[in-house]
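Order of appearance sets the numbers: ligands from 1, and atoms from 1 within every ligand. Side-chain atoms are counted along with the backbone in the values below, which use heavy atoms only and exclude waters and symmetry mates. Note that the structure is predicted; figures quoted are calculated from it, not measured.
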Amino acid sequence: MDSLELVSSNKVFGGYQKVYSHESAELKCKMNFSIYLPPQAEGGDVKLPVIFYLSGLTCTEQNFITKSGFQRYAAEQGIIVVGPDTSPRGVKIPGDDETWDFGVSAGFYLDAEKDPWSNHYRMGSYLNKELYDLILKAFCNVVDPNRIGIMGHSMGGHGALVSTLRNPGLYKSVSAFAPICNPSACPWGVKAFTGYLGEDKNKWQDWDATELVKKYDGPPLTLLLDQGAADKFYIEKQLLPENLVEACRSVGVPVILNLREGYDHSYYFISTYIGEHINFHAKILKA
Ligand SMILES: N[C@@H](CCC(=O)N[C@@H](CSC=O)C(=O)NCC(=O)O)C(=O)O
């Protein structure tokens, strides 16, 4: 673990919530990530499943670990949970902090192709190659490389779905809270894809879950989605879960969409259902 620097460590539900920093080769900057090591990781003599959790717009690795209460359920199930940051940090690109839905904290878990973003904004490769491999290597005494799942919220829900569909088999289980399901067809996605990928909409399809699922040809998957019915971003059609459900049904990919009456887009919603999501992953990863 020479290249990892421990930023913080707090005991919670018998395990440890840690934050590390490291130099990312993909992003060319220093990045933080969180890792929850449940009590079962103590001693290092059992290999445990891992879930990656991807946060949404405006977040760092801190929002999820301080607001969702996931540690109780991860401790109960004996699951390690890893949370990357949402964009490169400390890199100055003109326009990267002008709006909250593009640039800093809004990396969209994709590999940008357009200048000036393509040099640093490579969150897709960072997550699915660099951080994934780092976790397997640095925590090899406690991580089971064959039992890895992924989940996320909003922009992070998009990231979880797309990472799974683009990399068949890399993640055995996937779920999302209020994900951006069809970014090519919503204002957040159009802005991000135009900025990071350019005007050519053919390229957008490679990072859009609703398009990717129609071509998915990997191991069997069931997608679990939870969506608050009172979520203003759902009402404003930024999220479009129905488009993803329709695409899944058209190709026979099982999907569960729970529409939760009265819930909004916040971590109050996530904390209410995070236990159900952890248990969903546990059932698949521990089968
Ligand atoms: N600043 C925005 C609201 C931003 C917001 O709601 N961000 C969500 C993710 S949205 C999609 O990716 C979030 O997770 N916020 C962090 C939190 O701790 O709640 C506005 O003005 O509406």
- Note on the structure: Quick note on ligand 1: atoms under 4.0 Å from a heavy atom of T58 include exactly 4 (C), 7 (N), 15 (N), 16 (C)
- Query: Heavy atoms only: which of K67, Q238, Q62 is nearest to atom 17 (C) of ligand 1?
  - Reply: K67
- Per the ring-ring contact (aromatic ring centres under 6.0 Å, His included) rule, which among H158, H265, H277 passes with F177? H277
- Would you call the rings of F193 and W204 parallel, tilted or perpendicular if under 30° counts as parallel and over 60° as perpendicular? perpendicular
- Numbered in order shown, the ligand 1 atoms found under 4.0 Å of a heavy atom of M155 are 11 (C), 12 (O)
- Message: Under 6.0 Å between ring centres: does that hold for Y196 and F102?
- Response: yes
- Query: What atoms in ligand 1 come closer than 4.0 Å to a heavy atom of F233?
  - Reply: 6 (O), 22 (O)
- Note on the structure: Logged contact type for L57 with ligand 1, heavy-atom cut-off 4.0 Å, is both
- Item | Same apolar cluster (I L V M F W Y, side chains within < 4.5 Å links), F13/V50 | no
- Query: Relative to the ring of F52, is the ring of Y132 parallel (under 30°), tilted (30 to 60°) or perpendicular (over 60°)?
  - Reply: parallel
- Query: Do F269 and D231 come close enough that some side-chain heavy atom pair is under 4.5 Å?
  - Reply: no
- Item | Atoms in ligand 1 flagged as close to H153, the criterion being non-hydrogen separation under 4.0 Å | 9 (C), 14 (O)
- Output yes when the distance from some N or O of ligand 1 to some N or O of W188 is under 3.5 Å, and no in every other case. no
- Query: What protein heavy atom sits nearest atom 4 (C) of ligand 1, and how far away is it?
  - Reply: W100 CZ3, 3.7 Å
- Message: For K232, state whether at least one heavy atom is located under 4.0 Å from any atom of ligand 1.
- Response: yes
- Query: Could you give the distance from OG (S175) to NE2 (H281), rounded to the nearest 0.5 Å?
  - Reply: 3.0 Å
- Message: Give the atom numbers and elements of ligand 1 that come within less than 4.0 Å of a heavy atom of C59.
- Response: 13 (C), 14 (O), 15 (N), 16 (C)
- Message: Please state which option from S154, G156, G159, S266 has its nearest heavy atom closest to atom 12 (O) of ligand 1.
- Response: S154
- Query: Taking the six-membered ring for Trp, are the ring centroids of W207 and F108 within less than 6.0 Å of each other?
  - Reply: no
